[in-house]
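What follows is a single structure, written as structure tokens, with notes after it.
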Amino acid sequence: MRILVVTAVAAEADAVLGGAGSRRIALPGRPRPGYGLRRQGRLDVLAAGVGPAAAAAGTATALTAADITGRPYGLVVSAGIGGGFAEVAPVGSVVVAESIAAADLGAETPDGFLPVTALGFGTDAHRPPEGLARAVARATGAVYGPVLTVSTVTGTAGHAAALAERHPGAAAEAMEGFGVAEAAAAHGVPVLEIRAVSNPVGPRDRAAWRIPDALAALTAAFAALPDPLPGASPDVPPALRPDPEEEA
Ligand SMILES: O=C(O)c1cccc(C(=O)CC[C@H]2O[C@@H](n3cnc4c(=O)[nH]cnc43)[C@H](O)[C@@H]2O)c1
């Protein structure tokens, strides 16, 4: 099964590839310097940029290109470093997402935050295949819990507490997972999110981020992935995929 791994920056893509050789693959469009797609074995690793919009654009481009060339992906993985909710996922730990939630997509009201679904629109969370996500968490020694996608890194204890209250059991936050998951869902491809914790979610202290340690944990997690992944769907060319409308 071909797997598309989407990171924000090149350092995270390097960590996923773990220092082993990779081949650069051309994608349609004009990726900015430092961003692009590299292939190593069953993994294609794309550094697509920071934030959910860049992540969705890059992921959708790679999925469409793969479909057109008749070599579709069977799984998409959003991967990188992230903030950890200290009680659940300390710095240096790895988190595999039970759910991928758009934590700041919605409206602020005098009575608090309303998710986009409460406004009558769209989706506010994607759920990775449970058996697969749990198996990956077991194999990598990761925490299995909700991962939040935010467009603004949390910088106060108060906001961290509000997020934890709205998302019981929240393990980590990062800035791309929901964008990757939206693109994967539009293509009918399952999604996972794997985050290595570089900093606690809370009061901003950029100097305390443990980025090298988190990148090393990300490398170890990808090295520990089972091959083949248990329960992952085999490649199915898009023309042969069931039409969900017909199935309903
Ligand atoms: O400066 C470096 O060497 C470096 C290496 C790898 C990654 C970075 C980044 O700054 C990546 C930004 C990326 O990190 C995620 N992230 C990390 N911590 C948090 C957080 O507390 N809240 C939200 N996002 C976080 C995020 O996904 C960004 O894309 C630098």
Side-chain angles (χ1 to χ4, degrees), residues 1-82 97 100 126 128-129 132 136 149 151 174-196 211 214-216 218-229 232-241:
M1 180 183 59
R2 276 159 46 75
I3 301 171
L4 175 64
V5 182
V6 184
T7 69
V9 301
E12 293 167 318
D14 289 344
V16 168
L17 292 164
S22 65
R23 190 155 62 86
R24 196 161 281 286
I25 306 294
L27 260 188
R30 300 168 64 182
R32 287 149 287 172
Y35 296 86
L37 186 65
R38 285 185 289 159
R39 178 164 298 160
Q40 180 200 85
R42 64 187 168 149
L43 300 187
D44 280 5
V45 185
L46 173 68
V50 171
T59 305
T61 301
L63 289 171
T64 301
D67 279 353
I68 288 171
T69 53
R71 300 190 68 217
Y73 295 105
L75 178 68
V76 180
V77 184
S78 171
I81 63 172
I100 302 171
H126 291 277
L132 175 60
V136 167
T149 302
S151 289
M175 302 175 79
E176 293 81 26
F178 188 77
V180 172
E182 282 281 271
H187 283 258
V189 181
V191 69
L192 296 178
E193 182 167 7
I194 302 176
R195 291 283 162 186
I211 292 176
L215 294 174
L218 193 62
T219 299
F222 273 83
L225 282 186
D227 186 8
L229 287 169
S233 59
D235 292 341
V236 182
L240 301 181
R241 284 186 199 148

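- Of all the heavy atoms in Pro129 and Pro190, the pair that sits closest is CG-CB, 3.7 Å.
- Counting heavy atoms from C-beta on, the side chains of Thr149 and Glu182 never come closer than 4.5 Å.
- Not a single donor-acceptor pair under 3.5 Å links the side chain of Thr64 to the backbone N or O of Thr61.
- Here the straight-line distance linking atom OH of Tyr73 with atom OG1 of Thr59 works out to 10.0 Å at 0.5 Å rounding.
- When each of Ile3, Leu192, Val6 is checked for a side chain to side chain contact (heavy atoms under 4.5 Å, CB included) with Val76, only Val6 meets the rule.
- A distance of 5.5 Å separates CD of Glu12 from OG1 of Thr7, quoted to the nearest 0.5 Å.
- Between Ile100 and Pro128, the shortest heavy-atom contact is CD1-CG, 4.1 Å.
- What you find for Ala48 and Gly58 is that their closest heavy atoms are CB-CA, 4.2 Å.
- Minimum interatomic distance between Arg195 and Ile81 (heavy atoms only, all atoms of both residues): NH1-O, 2.8 Å.
- Within the 4.5 Å cutoff, side-chain heavy atoms of Ile211 are placed close to those of Leu215.
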Trace of the side-chain contact (heavy atoms from CB on, under 4.5 Å) decision for Arg38 with Val5: CA-CA 10 Å; Arg38 285 185 289 159; Val5 182; over 6 Å; no
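- Using a distance-only test at 3.5 Å, with no hydrogens or angles considered, no donor-acceptor pair links the side chain of Glu176 to the main chain of Pro52.
- How far CG of Leu27 is from CG of Leu46: 6.0 Å, rounded to the nearest 0.5 Å.
- Leu37 places a side-chain heavy atom less than 4.5 Å from the side chain of Leu4.
- The shortest heavy-atom contact between Val191 and Ala184 is CB-CB, 4.1 Å.
- Atom CG of Asp44 is separated from atom CZ of Arg71 by 7.5 Å, given to the nearest 0.5 angstrom.
- Looking only at side-chain heavy atoms (C-beta outward), Leu75 and Met1 come within less than 4.5 Å of each other.
- Atom OG of Ser22 sits about 6.5 Å away from atom CD of Gln40, to the nearest 0.5 Å.
- The two residues Arg2 and Pro72 have their closest heavy-atom pair at NE-O, 3.8 Å.
- Partner of Arg39 under the side chain to side chain contact (heavy atoms under 4.5 Å, CB included) criterion, out of Val45, Ile25, Leu17: Ile25 alone.
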